Amino acid sequence: MEEYLDWIAPIGKDLYVIRTGEWRYQKPERDHEKCKKCGTCLIFCPTGSIYVEDERYETDYEYCKGCGICARECRADAIIMVEEVRE
Amino acid sequence: MIKVVDGNQAAAFGAKLSKPDVIAAYPITPQTPLVEYVATMVARGELDAEMVEVESEHSALSVLHGAALAGARTFTATSSQGLSLMYEPYFRTSTLRLPVVMCIVTREMISPQSVWGGQQDAVTVRDAGWIQLYVENNQEVLDTVIQAYRLAEDKKVMLPVNVCLDGFYLSHMAEKVEIPEQDDVDRFLPPLKMDYIKLDPKEPISVDPLTPGGLLTHYRKKHMEGLENAKEVFEAVDRDFGEIFGRYYHGKIEPYRMDDAEIALVTMGSMSGTARVMVDKARERGVKVGFLKLKMFRPFPKEEFRELLEGIDVVGVIDRNVSFGFSSGTVFYELKSALMGHHEPLMASFIAGLGGMDITKGHVGTVIRFLEKIQQTKRVEKEVIWMDLEEEIWEKPLTR
Amino acid sequence: MGETIDKIKWLLTDKYANKALEEEIRDIEDLLSPGVSTCLGCGAEVGLRIALKIFGKNTILAIPPGCMGGVGVVGYGLTTGAKVPVFFPLLDNIASMLAGIKRQFNRKGEKVYVLAYAGDGGTADVGFQCLSGAAERDENIIYICYDNEGYMNTGIQRSGTTPYKAWTTTTPVGESRRGKPQVSKNMPLIMAMHEVPYVATASIAYLEDYATKLKKAAKVEDGLSYIHLFTPCPTGWRFSTDKTIEISRLAVETNFFPLWEAKYGKIRFTKKIWFKKPVKEYLKVVGKYSHLTEEEIEEIQKLVDERYDMLKSLAR
Ligand code: SF4
Ligand code: SF4
Ligand code: SF4
């Protein structure tokens with residue numbers, strides 16, 4: 001509480017982040033063999049969760065909400081949605 | 001330099017001398033000439049500012065919000081319906097702590113349809129967190145606009161200020177006004193510095209995120225502290241102004257012949273000039289009457305009123321507005337509640353000058369006689385008097 | 001037949017367009033918080049992330065009340081949802097606040113993109129007056145309207161851009177009323193008729209086209225630019241969350257939402273549809289149209305054709 005006592009007007013400084021990956025009930029899984037590296041899934045992912053590492057397309061499960069857009073838009077059928085299992 | 005100018009022009013000079021960065025305004029009677037004066041100053045190159053001729057009053061204030069968040073000193077003016085259209089950004093100007101200066105050329109609210117004077121517009125928005133200063137004459141219009149920037153931008157305050165001048169009675173009446181020198185104004189008014197809230201890619205922050213109740217309460221309290229600070233800061237601003245420009249206005253409330261007074265009048269705005277004359281006249285008759293000209297209506301100077309009215313027998317408040325809901329003049333009930341639990345004089349509320357009606361010497365004289373009667377009988381039989389409707393209180397028949 | 005055409009189309013155009021955009025943006029820092037609470041499959045979220053990548057850090061962003069504000073783009077409490085300066089304008093003063101910011105930055109001689117990402121309510125309804133005023137005054141601001149065809153943040157109420165017959169909670173389907181009785185306000189065309197330097201429609205199914213238009217908007221220095229972005233909303237339109245892009249594409253392919261741009265009022269199509277699909281194909285996948293009869297679909301087809309013809313008559 002102390003730190004904002006001299007704040008007089010409503011502003012925000014630190015980044016607001018929700019771990020949206022926790023919402024997921026289905027999860028995209030990519031078959032790297034099938035992946036044609038077309039980049040389509042990366043641009044359409046609403047949460048911006050797809051990235052490229054070592055020339056492979058990967059999903060950041062911290063924020064992926066499991067909407068299924070990537071799987072649907074992939075023309076190579078490289079992504080399937082599987083049920084999310086959590087402990 | 002002495003010039004003969006009307007109140008709108010005086011306000012425009014005040015604004016010009018304060019060097020605003022961005023001006024946005026929408027014309028409305030009786031403020032229109034003010035916008036024209038400012039636009040002309042910009043067109044002639046006498047005033048180096050961005051002038052935005054917006055499509056509504058709502059946008060006028062909204063443009064200033066954006067500009068102020070980008071660090072600009074800002075100016076606008078409005079009236080009546082324009083002010084009520086502005087209400088949404090109006091409230092937000094103060095709650096974002098943006099030091100905007102806005103003249104309200106006061107005018108009646110409709111309905112009934114009217115374009116004439118009255119303080120109903122400005123008084124109705126009294127609790128939206130702004131500072132409101134009401135002035136008596138055109139010199140005071142000009143001076144107060146400059147003072148308003150010093151007050152608004154004081155780091156203990158950082159709140160928007162209204163300079164309220166009576167529509168037509170001041171806005172359209174020409175008087176001799178001394179126009180201050182730019183150098184003196186620059187000495188009086190340092191440049192604006194805003195770093196507690198801003199929009200700047202060099203320092204990316206959010207402005208006005210969704211705010212939970214506890215934090216909102218914190219901001220409300222800070223806001224109220226800012227308003228309270230304004231009371232003290234304004235006294236200093238007025239004194240400094242007096243030293244540089246040789247005109248001193250006695251801060252929040254100007255007392256006139258109050259030293260040995262037993263009866264006090266309270267006035268706000270241009271009617272104070274008439275009150276001055278009539279108090280002198282009554283004094284000639286031996287009536288111990290003085291008056292208090294209320295300049296700072298928001299924040300309401302409770303403490304100072306308590307001091308100034310200590311020991312006074314009778315107080316009459318003339319209001320150029322009404323409080324629907326409290327059923328009296330607005331300043332009357334505010335003063336009454338401020339005095340509660342302190343010395344409580346007998347009080348009466350006089351409603352006059354609505355819809356452009358003049359508040360004449362006759363009005364003020366009648367008020368003083370009425371107050372004398374209360375002092376003699378020690379009784380307030382009627383608390384609220386509609387000056388222009390109640391013939392029986394007048395000595396001579398009313399002419400309308 | 002339909003599938004073959006789709007495939008050819010993909011191979012000839014979309015594939016390259018998508019790849020080109022992907023290569024351009026994939027290494028650019030995402031300037032929005034990675035975790036904001038949009039619904040799954042939110043179309044508006046893609047549009048915002050791409051826009052921020054194109055405009056970059058030297059941007060001031062207005063997010064009016066609405067979905068993007070509600071999900072935390074302006075932050076919560078003492079936080080911010082973006083890595084650029086971001087603020088809540090009022091729902092009805094978006095363009096005016098932006099104008100004020102831009103004027104002051106101009107005055108200071110500093111260049112900055114002043115950008116709104118606003119829903120259709122703040123754009124076509126309550127904020128329309130000030131947007132029109134800013135357009136007329138040639139305020140140098142960039143205004144993106146993400147059109148999800150209704151007030152989604154308050155829970156799916158009709159707006160000026162809700163289409164004819166669409167279901168919303170305030171245009172319900174019953175015995176005597178079947179969805180919205182009026183046609184949508186043709187917002188992008190109205191903006192084009194302000195003859196501002198740049199107006200365009202865009203779709204999240206054609207992101208490369210969208211990005212190109214954003215870049216054109218960024219170049220404008222003599223007035224306002226406006227982009228009307230079609231962003232389907234799974235929650236409010238009633239379709240499954242994976243279909244957002246597909247539905248956007250269908251809207252374009254059926255001419256329900258044609259893609260065009262206008263410079264100073266002069267209209268030009270940016271996406272030619274070679275094999276136009278019947279609007280039925282679009283309507284049947286969107287839940288908010290599930291009540292439509294064959295006759296009603298016919299009627300909508302007619303309206304879509306008429307609007308398209310009108311646009312064609314204006315285009316060069
Ligand atoms: S869309 Fe499919 S093929 Fe293209 S990069 Fe993503 S996973 Fe690979
Ligand atoms: S499921 Fe949705 S959120 Fe997750 S990676 Fe795919 S497109 Fe992105
Ligand atoms: S309601 Fe629709 S537009 Fe709003 S966040 Fe959800 S999906 Fe996006």
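All heavy atoms count here, side chains included; hydrogens, waters and symmetry mates do not. Below, chain A is the first sequence line, B the second, and so on; all start at residue 1. Note that this is a predicted model, so its numbers are computed, not measured.
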Side-chain heavy-atom pair A:Pro10, B:Leu96 within 4.5 angstrom cut-off:
yes
Residue, of B:Pro204, B:Ser206, B:Pro209, that accumulates the most heavy atom pairs under 4.5 Å with chain A:
B:Ser206
Counting only N and O atoms by type, is there a donor-acceptor contact under 3.5 Å from the side chain of B:His218 to the main-chain atoms of A:Trp7?
yes
Is the number of heavy atoms from other residues, nucleotides or ligands within 6.0 Å of CD (B:Glu232) greater than 12?
no
Rounded to the nearest 0.5 angstrom, the CD1-CD1 distance for B:Ile197 and A:Ile11 is 7.0 Å
Within the supplied structure, the quantity of interest is the number of heavy atoms (other residues, nucleotides, ligands) at a distance under 6.0 Å from A:Lys37 NZ; does it exceed 12?
yes
Here the pair of heavy atoms bringing B:Lys222 nearest to A:Ile8 is CD-CG2, 3.9 Å
Which heavy atom in A:Ala9 sits nearest to a heavy atom in B:Tyr196, and how many Å separate them?
CB-CD1, 4.0 Å
